[in-house]
Protein chains: 2
Amino acid sequence: MLNGKGEQFRISTQTSEIILKAAAEYNYFPNRIARGLRLEKTETIGLIVPDIANQFFSSMAKTIEIESRKNGYSIFLCDSLDNISTEKELLNLLAARKVDGIILAPVGTGSDHINEFSKNGIPVVIIDRYLPDTKIPYITTDNYLGACQAMEHILAMGHRVVACIQGLNGISANEDRVRGYKDTLNNNSIAVDNSLIVGDDFGEETGYVQAKLLMKRNNPPTAIFALSNLISLGAMRAISESGLKIPDDISLVSFDDQPYSALLASPMTTVEQEKDEIAVRAVNILLERITGAKDERVIEKIMIKPKLIIRKSVREM
Amino acid sequence: MLNGKGEQFRISTQTSEIILKAAAEYNYFPNRIARGLRLEKTETIGLIVPDIANQFFSSMAKTIEIESRKNGYSIFLCDSLDNISTEKELLNLLAARKVDGIILAPVGTGSDHINEFSKNGIPVVIIDRYLPDTKIPYITTDNYLGACQAMEHILAMGHRVVACIQGLNGISANEDRVRGYKDTLNNNSIAVDNSLIVGDDFGEETGYVQAKLLMKRNNPPTAIFALSNLISLGAMRAISESGLKIPDDISLVSFDDQPYSALLASPMTTVEQEKDEIAVRAVNILLERITGAKDERVIEKIMIKPKLIIRKSVREM
DNA sequence: CTGTTAGCGCGTTCAT
DNA sequence: ATGAACGCGCTAACAG
């Protein structure tokens, strides 16, 4: 009876005002649980991220929460701890909680469980990467383009031996970045040296360990392209421990701009992902699927252009 | 019927196994919405923070989510945008969603709405600060102690003119830190110069503007104590723009350790808050109040000791 | 020990 | 134009 629109259908002025005053006076709010049970929609969205403490995900979470709330939806926050079986459990948990839809930043390379899950009728939108051979809409950064932009800059500054510390092998975000790295080298007539492509996860430790190894090579790289903010953080730690300076001794470019990027020992050149746009569009696409506003045979596959922010971490050779 | 414990009360082996297999086979999960309506508890917790994109809150959110999930609870994430009327709306929203409890990192200085809200029976636990004259349990950093530790270090390094860029005036976290700053000066027989206590919010801009002004003084401070991570970020920007170096030209200590603190131009000495412990204890206290496990006349008022991490941003005079 | 039923609060439908 | 009754899926209470 007090659903806020029922009144408009019948009496406009009198009843509405009385009801509203009474509601305010008695501090009445409709029970969303009962409403959810009855309507078979809860106006909730599940958000699963591998690590909410990571600035990249927390700033998208912020935008997702705000944009969802504007539309009456609340967010169940779930941290999959970068663990694929946790991610699986979380999908089931959210299903049991009858969320209307899920925004998922997947973990690892396996995706069978996601494809399987998406058959159950709860709409899923994927962010940050995409799955091969899937019917699930996604919205990510154009990682290939971002890597090309970064590499073009490094090469334009005169570097010829450029290492790449990559993240988790096999996922689209990583593969696209590596492909951009290789293609840009090739386009500039520099042979790809596979021994300069190292690393296997997006964590800080990978950056640290691999940077140390790279610096010990006989023919060390003059520049490093780090494929995540944590990798560059680790690489900086290694470089700093070795007594070397950026960019004098070695240059560094990182994927993912951070609030502190401009304030580092050497303000860092980064590939900035348009997190806000990814987040807003993910919410809007999900809401369209929830409300059925759009032909669901259309699978959105969206890549947002990143932006190269040139600071002072690449030396001119 | 399928609540997972009913079986244990009756048949142990046979029925349980049959049910479990059937449940797995048909991929059945009990509907948590219906359950919530029936039991009048939803096993959900509302988390309200002023800015989830802030590392300080996002890492606590991570721990809160994980710790809650261990106990079967899911988290509604709400970002109050540092806006007190949004915070108010969110409290009501969470009440309408029938959360079993709320963890709140409050915004601003006003707290009447929180006291008012807490009378409605939904348990609230406050983190990051405390409210004056309230019956709501809280768990925060011992901000007074943290400020004393930082100031003792600065003074021990020989500084005598030390500025303090503070955050939002009037809230406990800020007042306790300022009190620690003043008391430590007094204990070391240095008169407090109120013109060296500047700033009025925790943002980056405050740090930037106030640091610029401080450096222009006739008798500029040799050290700055920044009362938040964003303030120190802004101060660093100002110092860097002025062509000055930390710690050679000016020393800096900041509240809130960050992942990048060790990797800055000058690795920064910080007061690290024990975020994990605050988060875990907040969840546990809230759960105790939800389940009624503890005498609710006991109002927990907990302060966790912070840790001074000494790096290289303070010069020996 | 097992099967049946009432009712949580809402929105919808059907009957006035 | 309004009011009464039903049912969403679950669990607790009760009857058999």
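A note on names: the letters A, B, ... follow the listed sequences, proteins ahead of strands, and every chain is numbered from 1.
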Starting at atom [atom1] of [X], determine the distance to atom [atom2] of [N], rounded to an integer number of angstrom.
{"X": "A:L39", "N": "D:dG7", "atom1": "CG", "atom2": "C1'", "answer": "13 Å"}
{"X": "A:K98", "N": "C:dC10", "atom1": "NZ", "atom2": "P", "answer": "21 Å"}
{"X": "A:R38", "N": "C:dC8", "atom1": "CZ", "atom2": "C1'", "answer": "14 Å"}
{"X": "B:F29", "N": "D:dT11", "atom1": "CZ", "atom2": "P", "answer": "15 Å"}
{"X": "A:E43", "N": "C:dG11", "atom1": "CD", "atom2": "C1'", "answer": "13 Å"}
{"X": "B:I33", "N": "C:dG7", "atom1": "CD1", "atom2": "C1'", "answer": "18 Å"}
{"X": "B:N31", "N": "C:dC8", "atom1": "CG", "atom2": "P", "answer": "18 Å"}

Notebook entry, point to check: For the helix from C:dC1-D:dG16 to C:dT16-D:dA1, what is the angle between the axes at its two ends, each from 5 pairs, rounded to 10°?
Noted result: 60°

Notebook entry, point to check: Would you call A:I136 and A:N115 a side-chain contact if the rule is heavy atoms closer than 4.5 Å?
Noted result: yes

Next item on the list: Could you list the residues that satisfy side-chain contact (heavy atoms from CB on, under 4.5 Å) with A:K301, not counting sequence neighbours?
Entry: A:Y138, A:I299

Next item on the list: Would you classify A:L37 as touching base, sugar-phosphate or nothing, given that sugar-phosphate means primed atoms plus P, OP1 and OP2, and contacts are heavy atoms under 4.0 Å?
Entry: base

Can a donor-acceptor pair be found, under 3.5 Å and without considering hydrogens, that links the side chain of [X] to the backbone of [Y]?
{"X": "B:Q273", "Y": "B:T141", "value": "no"}
{"X": "B:N71", "Y": "B:E67", "value": "yes"}
{"X": "A:T42", "Y": "A:K98", "value": "yes"}

Next item on the list: Check whether any side-chain N or O of A:R35 sits under 4.0 Å from OP1 or OP2 of C:dG11, and answer yes or no.
Entry: yes

Next item on the list: Respond yes when some side-chain nitrogen or oxygen of A:Y28 is under 4.0 Å from OP1 or OP2 of C:dC10, and no when none is.
Entry: yes

Next item on the list: I would like to know whether A:Y130 and A:D176 meet side chain to side chain donor-acceptor pair (under 3.5 Å); could you show each step before the answer?
Entry: CA-CA 11 Å; A:Y130 54 87; A:D176 289 353; 2.9 Å; yes

